[in-house]
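Since the structure comes first, as structure tokens, the remarks are kept for the end.
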Number of protein chains: 2
Amino acid sequence: MNNSARNSAYTKSYNRKLITGIIHREPVSRAELARKTGLTRAAVSIIVDELISDGFVVEKGVAEAELGRKPVLLDINPESCYALGLNISRDKCSLGIVNLKGELKARKEIDLSSAADAGEALKIISEEIKRMHLETGTAPKKLLGLGISTPGPVDVFSGTIINPPNFDMWKNVNIVGELKKEFPCNILLENNSAALALAEKYYGLGKKFSNFILMVVDTGIGSGIVINDKLYRGFGGFGGEIGHTSINVNGDLCSCGNVGCLEVYASMPAVLKKAKRIEPGISSWNEIVDRAEAGDTRFLEIVEEEARYLSAGIVNVVNILEIEAVVLTGDIFYKHGIIMDSLSRYVNERAMTRKVHRVGLYASEIAKNADIIGAATIVIDDFIRLY
Amino acid sequence: MNNSARNSAYTKSYNRKLITGIIHREPVSRAELARKTGLTRAAVSIIVDELISDGFVVEKGVAEAELGRKPVLLDINPESCYALGLNISRDKCSLGIVNLKGELKARKEIDLSSAADAGEALKIISEEIKRMHLETGTAPKKLLGLGISTPGPVDVFSGTIINPPNFDMWKNVNIVGELKKEFPCNILLENNSAALALAEKYYGLGKKFSNFILMVVDTGIGSGIVINDKLYRGFGGFGGEIGHTSINVNGDLCSCGNVGCLEVYASMPAVLKKAKRIEPGISSWNEIVDRAEAGDTRFLEIVEEEARYLSAGIVNVVNILEIEAVVLTGDIFYKHGIIMDSLSRYVNERAMTRKVHRVGLYASEIAKNADIIGAATIVIDDFIRLY
DNA sequence: TTTACTTTGTTAAATAAATTGACAAATAAA
DNA sequence: TTTATTTGTCAATTTATTTAACAAAGTAAA
């Protein structure tokens with residue numbers, strides 16, 4: 001799509017997406033759209049009229065102006081269509097409906113414990129999707145599509161779950177292909193971290209940044225990379241494995257085959273191992289943070305060391321990609337204030353770009369229901385993203 | 001340019017570049033162009049006719065075909081226009097003319113030792129450019145532009161040399177702005193490694209790869225990243241600093257402010273330091289390689305360790321960007337056979353993507369005159385690159 | 001209050017690109 | 001020689017934006 005020739009159909013589709021995306025970010029007038037895009041007001045009018053008659057956009061009052069006729073504001077009609085989001089993780093499976101503004105309209109946990117294999121699991125999921133459609137009264141014609149997110153590597157082109165860690169049932173399952181037989185709509189699969197990055201881009205901190213990474217720090221360390229407002233996947237869809245970049249060439253072997261991986265040092269199991277040497281009963285990052293916050297220097301040191309390790313991985317990414325910001329989520333999100341300052345200090349002391357611009361370090365702004373919203377955003381992104 | 005609206009001018013320009021680029025890679029017929037681009041044969045004909053009447057393209061015999069009318073092959077007319085390349089490095093300054101096929105038509109070393117400051121140096125350079133124009137008889141109207149490459153960080157948008165290492169004369173000099181006063185043509189500045197990556201892309205191994213990095217290993221370790229056939233620069237133009245990614249979070253401080261940088265372990269000065277402990281008289285990588293090749297295991301170990309360090313940096317890049325290949329140049333190029341196998345083994349044992357596809361490790365294919373050809377390719381790329 | 005000036009948004013005609021569909025040219029196989 | 005196939009061109013058509021004029025809606029100053 002991206003490297004083939006241009007024609008008037010492409011032009012129309014591109015400009016329509018461009019305008020939809022700008023309105024989706026925040027309400028604007030036609031005149032402002034013309035200024036932002038470089039299109040003439042006439043062209044903008046034509047496209048906006050179409051978007052209005054398709055229901056995606058609505059006129060919404062007028063804005064103030066110093067001089068001249070007041071501009072009519074255009075806004076996304078959030079209820080014009082819905083996206084289904086399905087998040088499959090190790091221990092649970094969640095389904096939900098999200099509108100164009102990223103608001104959760106319904107969610108449900110699906111129990112797959114009775115399913116012996118992926119086929120049976122897919123049957124249960126299909127039933128739940130149908131039920132949710134009925135219960136929420138979401139007409140099929142208003143459906144943008146279904147976004148699916150899972151941990152581990154996925155083949156986004158074929159829609160196949162490759163090899164989810166500790167999660168054999170879904171291994172090599174072409175989940176998109178299977179579900180399309182039942183639901184002939186736009187179905188897309190992404191890695192969990194990539195989906196969260198998209199959610200952050202459209203509905204969180206990513207609004208401010210065109211180039212950032214979202215890091216998920218829990219059992220493993222995953223990431224989604226956004227470059228130029230687009231998800232970066234690598235040429236085969238397997239990029240962004242920041243958890244398996246090495247921060248120590250002489251370090252221990254990682255399960256991935258590399259040595260000294262960031263995950264070996266900074267994932268939650270790795271940190272817990274250290275904490276248990278101090279207090280064997282400790283079983284979560286939250287407990288470590290609570291003790292550190294209470295003033296226990298032994299645990300404060302663990303938090304500080306976590307910051308040092310994570311920042312080493314982050315600086316490597318920053319020096320390669322020159323991103324503007326890093327957004328953190330996962331277990332590390334808990335009382336993140338305690339680690340953020342150290343992280344920010346380490347990164348901005350060491351990144352090459354520090355002379356030109358700071359790298360922002362933030363906690364995710366959409367922690368609640370991020371799993372479903374992330375999955376649903378995969379199809380919302382497909383609707384708006386430029387190509 | 002890239003994120004603004006599309007119109008017919010864009011469409012035309014894009015399709016023209018698309019077709020020019022395909023012909024530039026290898027001779028093709030109009031029909032084949034239509035198949036490759038998705039344009040109709042009619043549209044291809046119109047664009048090709050323009051390219052021919054502009055002189056960029058020529059018809060060049062016919063190709064064999066199983067059936068039907070034989071296709072007329074189209075080829076780039078290499079002499080239809082020229083690119084000037086200027087490479088400024090620590091110890092020398094080189095100027096040259098390169099045609100559209102990447103062939104060097106003239107080159108000259110410029111002596112800047114008499115210049116007290118950048119202003120005087122620019123005067124000398126301007127004179128040499130004029131002289132080269134006269135001597136080679138290259139009419140100004142055939143000039144595609146001037147590409148400039150220098151080590152260290154550059155601001156490609158303003159055309160300013162930021163802070164070349166050990167090279168104070170050029171610090172913060174807006175070389176593009178200054179030279180444009182004298183030569184009102186397309187003048188572009190890039191980092192040295194980025195320019196070499198472009199040369200490799202158009203005239204070397206990059207023809208086979210759309211996603212690769214070019215690594216220059218000598219006094220420092222620089223790199224140029226090519227993603228989707230385009231140079232990746234980061235959002236401010238300061239990305240790709242692979243030499244300053246850390247391979248040891250507990251390593252020594254680097255001059256850049258980071259710790260355990262790849263450069264600290266694998267740059268030529270770092271390796272030489274180790275070699276001198278064995279044999280104080282050694283003063284170059286070439287000598288190390290020669291002794292290793294002769295069977296001296298102490299030096300073989302140094303070469304092997306160099307491979308291990310370099311591969312650690314490479315694997316990190318591969319796991320983040322999922323590139324297809326790494327092309328090496330710089331001092332490390334000398335008798336590269338001795339290090340390539342180890343490098344390839346280390347990388348493909350450790351990269352996450354090894355289950356999906358191998359990462360190719362190669363020595364540069366355009367070592368000769370690469371400095372000038374790289375610089376000139378900056379403007380050739382600007383002529384052909386899609387946006 | 002009137003007038004001048006600005007800005008927004010719409011309209012019809014003009015323009016510029018690729019597409020459509022027909023066709024001639026060139027070639028190999030039947 | 002005929003048929004089938006592929007290449008390349010041409011004129012008419014289609015589809016997008018642009019151009020340029022204008023009406024609508026508002027502010028500010030005379």
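Quick note on labels: first sequence line is chain A, next is B, and so on, each numbered from 1.
Residues that satisfy the side-chain contact (heavy atoms from CB on, under 4.5 Å) test with B:Ala65, not counting sequence neighbours, are B:Pro71. Not a single ring-ring contact (aromatic ring centres under 6.0 Å, His included) links B:Tyr232 to another residue, sequence neighbours left out. The side-chain contact (heavy atoms from CB on, under 4.5 Å) search around B:Ala375 returns B:Ser149, not counting sequence neighbours. Partners of B:Ile46 by side-chain contact (heavy atoms from CB on, under 4.5 Å), not counting sequence neighbours, listed by chain and number: B:Glu50. A:Tyr362 pairs by the side-chain contact (heavy atoms from CB on, under 4.5 Å) definition with A:Leu205, A:Phe209, A:Ala325, not counting sequence neighbours.
Counting heavy atoms from C-beta on, the side chains of A:Leu188 and A:Ile148 never come closer than 4.5 Å. Two residues are said to be in side-chain contact when any heavy atoms from C-beta on lie closer than 4.5 Å; A:Leu74 and A:Ile52 meet this criterion. Counting heavy atoms from C-beta on, the side chains of B:Ile97 and B:Thr138 come closer than 4.5 Å.
Across every non-hydrogen atom of A:Asp382 and A:Asn186, the tightest pair is OD2-ND2, 3.0 Å.
We find that CZ of B:Arg16 is positioned 16 Å from P of C:dA16, with the value rounded to whole Å. Going from atom OH of B:Tyr10 over to atom P of D:dT18 covers 14 Å, rounded to whole Å. Rounded to whole Å, atom P of C:dA17 lies 16 Å from atom CG of A:Asn15. One interatomic measurement links the two molecules: CD1 of A:Ile47 to P of C:dT10, which rounds to 13 Å at whole-angstrom precision.
The stretch residues 57-68 of chain B participates, sequence neighbours left out, in these side chain to side chain donor-acceptor pair (under 3.5 Å) pairs: B:Arg30-B:Glu59, B:Lys60-B:Asp75.
Defined by atom type and a distance below 3.5 Å, a donor-acceptor pair is present between the side-chain atoms of B:Ser210 and B:Asp229. Side chains of B:Ser13 and B:Tyr387: a donor-acceptor N/O pair is present below 3.5 angstrom, by distance only.
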Side chains of residues 18-26 of chain A: which donor-acceptor partners sit under 3.5 Å, not counting sequence neighbours?
{"from": "A:Thr20", "atom 1": "OG1", "to": "A:Arg16", "atom 2": "O", "distance (Å)": "2.6"}
{"from": "A:His24", "atom 1": "NE2", "to": "A:Leu100", "atom 2": "O", "distance (Å)": "2.6"}
{"from": "A:His24", "atom 1": "NE2", "to": "A:Tyr203", "atom 2": "OH", "distance (Å)": "3.2"}

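Checked against the 6.0 Å centroid criterion, the rings of B:Phe212 and A:Phe235 do not qualify as a close aromatic pair.
Expressed to the nearest 0.5 Å, how far CD1 of B:Ile129 lies from CG of B:Leu143 amounts to 9.0 Å.
Within residues 37-44 of chain B, the residues approaching DNA chain C are B:Leu39, B:Thr40, B:Ala42, B:Ala43, by heavy-atom distance under 4.0 Å. For the contact set between residues 50-69 of chain B and DNA chain D, defined by any heavy atom under 4.0 Å, the members are B:Leu67, B:Gly68, B:Arg69. Near-neighbour residues of DNA chain C inside residues 19-33 of chain B, defined by a heavy atom below 4.0 Å, are absent.
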With ring pair (Phe, Tyr, Trp, His ring centres under 6.0 Å) as the criterion, how do A:Tyr10 and B:Tyr14 come out once you've worked through the C-alpha distance, each side chain's angles and the decisive distance to 0.1 Å?
CA-CA 12 Å; A:Tyr10 166 87; B:Tyr14 184 95; 7.2 Å; no
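Here A:Lys70 reaches the OP1 or OP2 of D:dT27: one of its side-chain N or O atoms lies under 4.0 Å away. The side chain of B:Arg6 places no N or O atom within less than 4.0 Å of a non-bridging phosphate oxygen (OP1 or OP2) of D:dT18. Look at B:Asn7 and you won't find any side-chain N or O under 4.0 angstrom from OP1 or OP2 of D:dA16.
Over its length, the helix from C:dT1-D:dA30 to C:dA30-D:dT1 turns its helix axis by 0°, as judged from the five terminal pairs at each end, rounded to 10°.
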Protein-nucleic acid N or O pairs under 3.5 Å, nucleotides 12-15 of chain D:
none

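Each of A:Ile46 and B:Thr11 lies near DNA chain C, and the nucleotide nearest A:Ile46 is the one positioned closer to the 5' end.
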